[in-house]
Amino acid sequence: MQIHSAIADLRAALKKRDRIVFVPTMGNLHAGHISLMEQARAHGDTVVASIFVNRLQFGPNEDFDKYPRTFQADCDKLAAAGVDVLFAPTEADLYPEPQEYVVEPPAIQNILDGEFRPGHFRGVATVVLKLFNIVQPNAALFGKKDYQQLMVIRNMTRQLALPINIIGGETVRAADGLALSSRNGYLSEAERTEAPRLYRLLNEIRIAIRSGETDTVKLEKSAVATLDSAGWKTDYVAVRQQSDLAMPKGANTPLVVLAASRLGSTRLIDNIEV
Ligand code: PAF
């Protein structure tokens, strides 16, 4: 696996490569990321991954400084997964001057996670567009665990007419249902035991809707109450339309249940399509 940190070196390395498939990450790779790398191979000839902890998408009181950085272990995993090229820029490589030109996503950036993480999706969209411009992939893969992120990136790619096929990868879960996430490593042993409750509740909401329950607000409130009485601090549990993450309008609209809640100081997000 080739590793490049400078934009010019990466561009030179990719110049003669065909059908590039790109998987951007912030590192601390787990089986969810590796599953995206493995799926990538089916969509092109050259698999490019990136590792960059993007300061722009972290709020001032968030975990940018403590975000786990495990570069050597990540490289070993990527090489074993058959990744051809790794782009691992430093902040000086990617942001040699203050990033004043940014991508400002529309109203979707202010709902759900965006309400609780102001500026987060601006930071994500900006770095992803910049990475797309550098790597110039034909296709790119993102995990469905970050459902709203995937939608922001899909919409940006479509509206800006980027010639990139955006592919969503299914969430990979531990045996007890907890969605794999780099932030799971922050959980204490007791919190890790408690954490699968989030997915169990999402699943219960899904089952209730499939069984004919239409009062989605009642389902949301009940899940928040259950979480909070078990010691969580919940930002939201929300039943939304898959197409635009708006409140459900009318029957037979495909739905998704999304949640974000804190266990101790760790904020977990998850979702399930109904
Ligand atoms: O999902 C992530 O790891 C990040 O948000 C991404 C897409 C790599 C942008 O920094």
Side-chain angles (χ1 to χ4, degrees), residues 5 7 10 20-37 39-40 47-59 62-71 73-75 77-78 81 83 85-91 93-95 99 102-105 108-109 112-114 116-135 137 139-157 160 162 164-172 179-186 258 260 266-271:
S5 57
I7 295 174
L10 181 84
I20 294 170
V21 193
F22 180 41
V23 187
T25 81
M26 297 204 299
N28 195 236
L29 304 178
H30 51 66
H33 295 111
I34 299 308
S35 150
L36 292 177
M37 306 296 162
Q39 290 171 56
V47 177
V48 178
S50 67
I51 295 178
F52 181 69
V53 185
N54 174 38
R55 185 186 291 274
L56 292 188
Q57 69 190 72
F58 288 79
E62 294 186 349
D63 55 343
F64 175 77
D65 287 328
K66 77 164 186 176
Y67 198 85
R69 287 150 172 97
T70 50
F71 187 68
D74 291 345
C75 288
K77 290 178 189 170
L78 292 173
V83 168
V85 179
L86 170 62
F87 180 46
T90 62
E91 285 202 285
D93 290 311
L94 208 59
Y95 299 133
Q99 186 69 36
V102 296
V103 179
E104 195 68 61
I108 193 177
Q109 74 161 323
L112 301 171
D113 247 44
F116 295 92
R117 303 188 68 189
H120 171 66
F121 291 111
R122 180 192 308 123
V124 169
T126 301
V127 79
V128 169
L129 181 61
K130 190 159 187 172
L131 290 168
F132 280 175
N133 282 331
I134 294 166
V135 176
L141 285 90
F142 297 84
K144 278 196 189 177
K145 177 172 165 288
D146 296 300
Y147 206 86
Q148 190 174 3
Q149 165 173 287
L150 176 59
M151 186 163 292
V152 167
I153 292 166
R154 248 191 227 297
N155 294 352
M156 172 184 81
T157 303
L160 297 180
L162 305 178
I164 303 169
N165 180 20
I166 303 296
I167 298 152
E170 293 304 324
T171 301
V172 177
L180 298 191
S181 161
S182 302
R183 291 189 167 98
N184 292 352
Y186 298 152
L258 308 103
T266 308
R267 187 173 186 274
L268 298 178
I269 64 168
D270 202 353
N271 65 78

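Counting starts at 1 for both ligands and their atoms, following the listed order. When a residue number appears, it is its place in the shown sequence, counting from 1. Reckoned from all heavy atoms, side chains included, excluding hydrogens, waters and symmetry mates.
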Any heavy-atom pair between the side chains of V53 and F58 that's under 4.5 Å?
yes
Nearest protein heavy atom with distance in Å, relative to atom 4 (C) of ligand 1
Q57 NE2, 3.7 Å
Taking all non-hydrogen atoms of both residues into account, name the closest pair between H33 and S182 and its distance.
CE1-OG, 3.8 Å
Are K66 and Y186 in a cation-pi contact, defined as NZ or CZ under 6.0 Å from the six-membered ring centre and within 45° of the axis?
yes
So, Y95 versus N54: side-chain donor-acceptor pair below 3.5 Å or not?
yes
Would you mind telling me if ligand 1 is within reach of the side chain of T25, the backbone, both or neither, using heavy atoms under 4.0 Å?
backbone
Note the single closest protein heavy atom to atom 1 (O) of ligand 1, along with its residue, its atom name and the distance in Å.
Q149 NE2, 2.8 Å
In ligand 1, the atoms that come under 4.0 Å of a heavy atom of V127 are 9 (C), 10 (O)
